[in-house]
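Reviewing the structure listed below.
Values below: every heavy atom of this structure, side chains too, minus hydrogens, waters and symmetry copies. Remember, it's 1-based here, ligands and their atoms both numbered in the order they're listed.
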Amino acid sequence: MVRRIAVIGAGIAGATCAQALVQAGHAVHVFDKARGPGGRLATRRMAWVDVDGQPCTTRLDHGALGMAAQSAAFQAFVERGVQAGWLAEWSPRLAVGDPPLDPGTRFHVPVPDMPELCRRLLRGVAATWPCAVDGLHSNPLGWQVQAGGQRQGAPFDLVVLALPPAQAAALLAPLQSEWARRAALAPMQPCWTLMGVAATAGAAPPGWDLARPAAGPLAWVMRSDARPGRARVPGQAHWVAHARAGWSRQHLEQAPDWVAQQLRAALAEQVGGRVEWLHSTVHRWRYALPQARRAEPAESFWWDAGQGLGVCGDFLGGCGVEGAWLSA
Ligand SMILES: Cc1cc2nc3c(=O)[nH]c(=O)nc-3n(C[C@H](O)[C@H](O)[C@H](O)COP(=O)(O)OP(=O)(O)OC[C@H]3O[C@@H](n4cnc5c(N)ncnc54)[C@H](O)[C@@H]3O)c2cc1C
């Protein structure tokens, strides 16, 4: 029997769930508050003006660094993406003295940008964006999705929420108070992220693409333009640097300018000299990553068949892209 199903959220969890439901023959409609899919699999198109007044754009992967596959199911999914050419293995040159990445773990990134993974999954799936869902109402005809006080389309038989826990909790509160309570309590780590373009002329670029500083505000520093399928521009280095969760939490409400100053200084220390920024900015991820854990399959999603209401996402499936995919 064909069901009309609304999926709220078009990150890896929502996109995976939507694709599986379409393949099972259902009529699926996806809603996301962003202008396109991807969620935390994110690439920023940064517009800036160079010293000659010329407009420039630079694309920087400022969310998830990539994905590692541990389970056989996710390994098979990644392998299919590699065969089809929309995932590529990323073997960064590590900074001297950094420990190797988890032994035996292969790291993959979508190409040409991070949202491509969700774009592929959602090919042919009906979607509305940007559409920030602010209410779900159940009536005898089904579920009515509401955004900005307006009903969105015809009623649905089933609804799946594929959102970070704080956003899921807000929608669940009038519908499933126990789920809403558990989602509101789900611990998520924040992350301040610095991204920008630096001039490389006159300075030898460091001989690494990925560094994990042992101390200081930064946890990860990477050359975004050294990743597979990304554009390299002569004379430019494209940097993305993620602050540690503890540092980000401590300075979560600080002004972005102050945060940018601190993180630029930390990055300069990591590369061992002055960085000549052409343009840079920061992004605050309030809910970047759940606490690391791998959930049992039966606990990795919520489903109430009576209500026709489900919830998936990384906070249920376990840390990271693989956890979100397994949950979906
Ligand atoms: C800085 C950073 C680094 C990371 N590094 C890694 C890494 O190296 N490896 C790894 O595996 N994972 C990493 N992660 C985590 C990984 O990105 C996430 O675990 C995963 O992408 C979560 O997918 P999701 O579908 O559950 O949620 P999301 O990707 O957050 O998707 C949720 C979607 O819901 C939408 N939404 C929210 N509220 C509403 C609403 N009210 N109405 C409509 N739509 C809404 C959002 O716009 C979003 O598109 C990182 C994350 C960050 C931020």
Side-chain angles (χ1 to χ4, degrees), residues 6-18 30-44 60-70 74 78 90 92 101-102 105 107-110 114-115 117-118 121-122 127-136 145-148 152 159-172 183 186 188-195 210 212 218-220 222 227 240-245 248 282-292 300-301 311-328:
V7 175
I8 320 294
I12 180 72
T16 301
C17 184
V30 172
F31 298 88
D32 197 290
K33 68 176 183 176
R35 283 195 298 268
R40 281 169 274 162
L41 286 168
T43 300
R44 168 84 60 94
L60 295 147
D61 299 334
H62 69 301
L65 288 90
M67 61 198 76
Q70 284 169 2
F74 195 59
V78 166
W90 178 42
L101 296 170
D102 287 346
T105 302
F107 220 51
H108 288 86
V109 295
M114 298 306 282
L117 177 50
C118 298
L121 292 169
L122 289 174
T128 304
W129 21 59
C131 181
V133 175
D134 52 25
L136 294 167
V145 173
Q146 180 188 296
Q152 301 295 314
V159 176
V160 177
L161 301 186
L163 309 170
Q167 281 110 331
L171 290 176
L172 289 169
M188 294 289 282
Q189 301 174 350
C191 180
W192 271 111
T193 297
L194 169 72
M195 66 196 108
L210 183 69
R212 286 158 296 155
L218 291 174
W220 297 86
M222 70 161 183
R227 286 150 63 83
V240 173
H242 299 297
R244 292 179 201 288
S248 301
V282 285
H283 180 84
R284 179 177 60 186
W285 296 98
R286 266 189 194 281
Y287 313 109
L289 275 165
Q291 307 283 13
S300 68
F301 61 90
V311 183
C312 60
D314 63 347
F315 77 102
L316 289 171
C319 191
V321 179
E322 181 171 13
W325 184 86
L326 288 168
S327 170

Nearest neighbour in protein (non-hydrogen) for [atom]:
atom                    : result
atom 10 (C) of ligand 1 : G66 O, 3.4 Å
atom 14 (N) of ligand 1 : L289 CD2, 3.5 Å
atom 18 (C) of ligand 1 : D314 OD2, 3.4 Å
atom 29 (O) of ligand 1 : R40 N, 2.8 Å

**Asked** Would you call the rings of W90 and F107 parallel, tilted or perpendicular, where under 30° means parallel and over 60° means perpendicular?
**Response**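 Plane angle between 30° and 60°, so tilted.
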Geometric N/O contact E322 with ligand 1, under 3.5 angstrom:
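Between E322 and ligand 1 (N or O atoms, distance only) the closest approach is not under 3.5 Å.
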Exercise. Say whether H62, considering both its backbone and side-chain N or O atoms, lies within less than 3.5 Å of an N or O atom on ligand 1.
Key: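 By distance alone, the answer is no.
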Side chain, backbone, both or neither: C131 near ligand 1, heavy atoms under 4.0 Å:
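It is the backbone that gets close, since no side chain atom is under 4.0 Å.
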Ligand 1 contact on A13 by region, counting heavy-atom pairs under 4.0 Å: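 For A13, backbone and side-chain atoms both sit under 4.0 Å from ligand 1.
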Query raised in the report: So do V145 and T128 actually touch side chain to side chain, heavy atoms under 4.5 Å?
Result: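 T128 vs V145: side chains apart.
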Side chains of L163 and V133: closer than 4.5 Å at any heavy-atom pair?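 No. Closest side-chain heavy atoms not under 4.5 Å.
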Subject >> Pairwise distance CG(D314) to OG(S327) - rounded to 0.5 angstrom >> reply: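 Answer for the CG-OG pair, D314 versus S327, is 8.5 Å.
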If you take the nearest heavy atom of each of P37, A162, P165, which one is closest to atom 32 (C) of ligand 1?
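Minimum heavy-atom distance to atom 32 (C) of ligand 1 goes to A162.
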